[in-house]
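Every heavy atom of this structure was used, including side-chain atoms; hydrogens, water molecules and symmetry mates were not. Throughout, residue positions are numbered sequentially from 1 according to the sequence presented.
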Amino acid sequence: MSTLRNMITEDVAMWRKKNCITLMDISREQIGTLLHVAAELKIHDLKREVSLRWEYPRTLAMLFQKPSLRTRVSFEVSMAHLQGHAVYLNPEDVGLGIREAVSDVAGALSRWVDAITARVFSHSTLEELASNATIPVINALSDREHPIQAFADLLTLQEQCGMLGNDRTLAYLGDGNNVLHALMIACSRMGVNLRAACPEGYGPAEDYIRATQIICGISGATFHLTTDPVEAVEGAEALYTDVWTSMGQEDEKEHRLKVFTPYQVNSALLRHALPGAIVMHCLPAHRGEEITAHIMAQHQTVMLDQAENRLHTQKALLMLILGI
Ligand code: CP
Ligand code: NVA
């Protein structure tokens with residue numbers, strides 16, 4: 001336990017009071033520390049050992065404009081384990097930007113709690129919260145990025161495939177969305193090669209592509225974007241997919257189902273990967289759409305590891321940002 005305390009104390013300066021809105025602002029060293037702390041916390045947790053706790057209980061406000069299972073529960077449990085407290089605020093009660101200006105919500109919350117996490121439709125809402133809050137703001141998913149999902153994914157990849165680095169190749173199939181954006185930055189920072197196959201017109205945003213290419217130039221990782229799912233999967237040791245219709249895009253669902261059909265993760269596609277390749281999914285999943293029920297059943301353990309690792313990585317994040 002004292003090793004963990006020392007590790008967090010030494011690395012506090014790197015993370016302390018930092019916003020976690022986009023991985024573009026978070027360094028390889030910061031991610032490395034977070035994964036290290038999370039892996040240690042996981043060992044304590046699995047042994048049901050009391051983890052580090054705050055003497056003075058910290059508090060987290062959780063603003064959600066969209067539904068959630070994993071993000072909400074993993075943050076609430078993290079705060080409970082640390083003997084802090086999480087306050088869940090649903091969209092109807094707060095009316096972020098409707099009942100009350102985002103800047104006023106940020107200002108008031110800053111007077112009560114130690115950090116804010118927010119799941120928002122528009123990434124700019126997070127930026128507005130952060131620029132008006134005097135406490136750290138954590139992105140719990142926006143239309144642009146899902147950084148805390150990527151932390152759990154990196155930990156899972158490390159556990160399943162070994163040390164992160166240029167020997168690791170992950171293939172992403174489907175929508176160039178918030179989850180892919182986070183993976184692009186996270187993988188390139190940590191030296192993991194990423195190949196993404198997205199339909200024409202549904203690729204990742206240009207600024208994420210540019211940032212990923214620059215980061216790859218530093219870390220030595222590679223990033224390859226294609227419209228051909230087989231090309232992306234060929235020889236990969238891990239496949240990753242996410243829903244084709246993200247929250248907020250429900251009106252496009254029928255059209256998306258047609259466009260994305262060739263990108264389904266199924267047995268035929270998986271045959272092109274390395275033997276024993278793992279399949280990852282951030283969940284929730286839509287069986288029969290982005291992934292077959294058969295592949296879900298075969299690879300469910302890894303997906304549940306990803307879900308479990310949300311707890312360990314977010315607990316690490318809270319400790320590093322809020323101190324011990
Ligand atoms: N993966 C993820 O963020 O799940 P929730 O939408 O359930 O929080
Ligand atoms: N891309 C999905 C991720 C859900 C965790 C969405 O935004 O709905």
Side-chain angles (χ1 to χ4, degrees), residues 31 34-49 51 68-78 81 141 146-165 167-175 179-180 182-183 186-187 190 192-196 229 232-233 235-244 263-317:
I31 298 175
L34 187 146
L35 295 180
H36 198 160
V37 171
E40 285 290 320
L41 288 171
K42 184 168 184 173
I43 294 168
H44 293 297
D45 217 41
L46 294 178
K47 289 196 262 178
R48 310 298 281 177
E49 278 178 6
S51 188
S68 168
L69 173 69
R70 280 146 288 271
T71 305
R72 177 179 174 179
V73 175
S74 51
F75 268 129
E76 285 201 22
V77 174
S78 293
H81 283 184
L141 180 148
H146 197 3
I148 54 176
Q149 178 66 51
F151 295 142
D153 297 339
L154 287 176
L155 183 59
T156 309
L157 196 62
Q158 186 174 279
E159 290 168 346
Q160 292 291 327
C161 302
M163 223 172 71
L164 302 177
D167 293 338
R168 305 274 82 85
T169 297
L170 178 68
Y172 178 94
L173 288 306
D175 193 18
V179 168
L180 176 58
L183 283 173
C187 288
M190 301 316 284
V192 174
N193 303 321
L194 179 63
R195 296 197 218 126
V233 167
E237 63 187 325
L239 270 59
Y240 196 118
T241 190
D242 180 22
V243 291
W244 292 339
Y263 297 82
Q264 184 187 64
V265 175
N266 53 33
S267 303
L269 186 62
L270 192 55
R271 263 182 231 119
H272 294 275
L274 280 185
I278 61 165
V279 179
M280 303 175 74
H281 196 308
C282 56
L283 304 178
H286 294 160
R287 289 169 176 79
E289 294 183 21
E290 76 276 4
I291 189 162
T292 59
H294 177 68
I295 298 290
M296 270 300 283
Q298 271 188 336
H299 295 268
Q300 198 178 28
T301 308
V302 171
M303 297 169 200
L304 292 178
D305 284 348
Q306 287 174 266
E308 180 190 328
N309 286 338
R310 297 290 304 274
L311 171 65
H312 309 301
T313 48
Q314 284 160 223
K315 202 195 289 180
L317 178 70

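Between Y240 and the choices L173, L157, V179, the side chain to side chain contact (heavy atoms under 4.5 Å, CB included) rule is met once, by V179. Checking each of H299, H286, Q264, M303 against I291 for a side chain to side chain contact (heavy atoms under 4.5 Å, CB included) leaves exactly one that passes, namely M303.
The shortest non-hydrogen separation linking A171 to A236 is CB-CB, 3.9 Å. When all heavy atoms are compared, the tightest approach of L35 to F151 is CD2-O, 3.5 Å. Taking each heavy atom of R70 and C282 in turn, the nearest pair found is CD-O, 3.7 Å. Contact between A277 and A238 at its shortest, heavy atoms only, is CB-N, 4.4 Å. Pairing each heavy atom of Y263 with each of W244, the nearest pair is C-CZ2, 4.2 Å. Scanning all heavy atoms of the two residues, the minimum distance from A316 to A38 falls at CB-N, 3.7 Å.
Residues S74 and Q314 bring a donor and an acceptor atom of their side chains to less than 3.5 Å of each other.
Taking the side chain as every heavy atom from C-beta outward, L194 and L180 approach each other to under 4.5 Å. Inter-residue side-chain proximity for V279 and Q298 is flagged as unmet; no heavy-atom pair is nearer than 4.5 Å. Counting only heavy atoms from C-beta outward, the side chains of T156 and I278 never approach each other to under 4.5 Å. Looking at heavy atoms from C-beta onward, N309 lies in side-chain contact with E159 at the 4.5 angstrom threshold. Proximity of V243 to D175: side-chain heavy atoms (C-beta onward) are nowhere separated by under 4.5 Å. You'll find the side chain of Q160 stays beyond 4.5 Å of the side chain of E237, heavy atoms only. Contact check for H146 versus T71: side-chain heavy atoms found under the 4.5 Å cut-off. Between D45 and L311 the shortest side-chain heavy-atom distance falls below 4.5 Å.
Between T313 atom OG1 and I31 atom CD1 the span is 11.5 Å, to the nearest 0.5 Å. Once rounded to the nearest 0.5 Å, the distance linking SG of C187 with CZ of R195 reads 12.5 Å. Annotation: the span from L239 atom CG to I295 atom CD1 amounts to 9.0 Å, rounded to 0.5 Å. Taking CG of D153 as the reference point, atom CZ of R310 lies at 8.0 Å (rounded to 0.5 Å). Taken to the nearest 0.5 Å, the NE2 atom of H294 stands 13.0 Å off from the CZ atom of R287. Between atom CZ of residue R271 and atom CG of residue N266 there is a gap of 8.5 Å, rounded to the nearest 0.5 Å.
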Inset, instruction - Dump the intermediate steps for side-chain contact (heavy atoms from CB on, under 4.5 Å) on L155 and E308, then the final yes or no. - result: CA-CA 10 Å; L155 183 59; E308 180 190 328; over 6 Å; no
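Judged by distance alone, the side chain of Q306 and the main-chain N or O of H281 form a donor-acceptor pair under 3.5 Å.
H36 NE2: 12 or fewer foreign heavy atoms inside a 6.0 Å radius.
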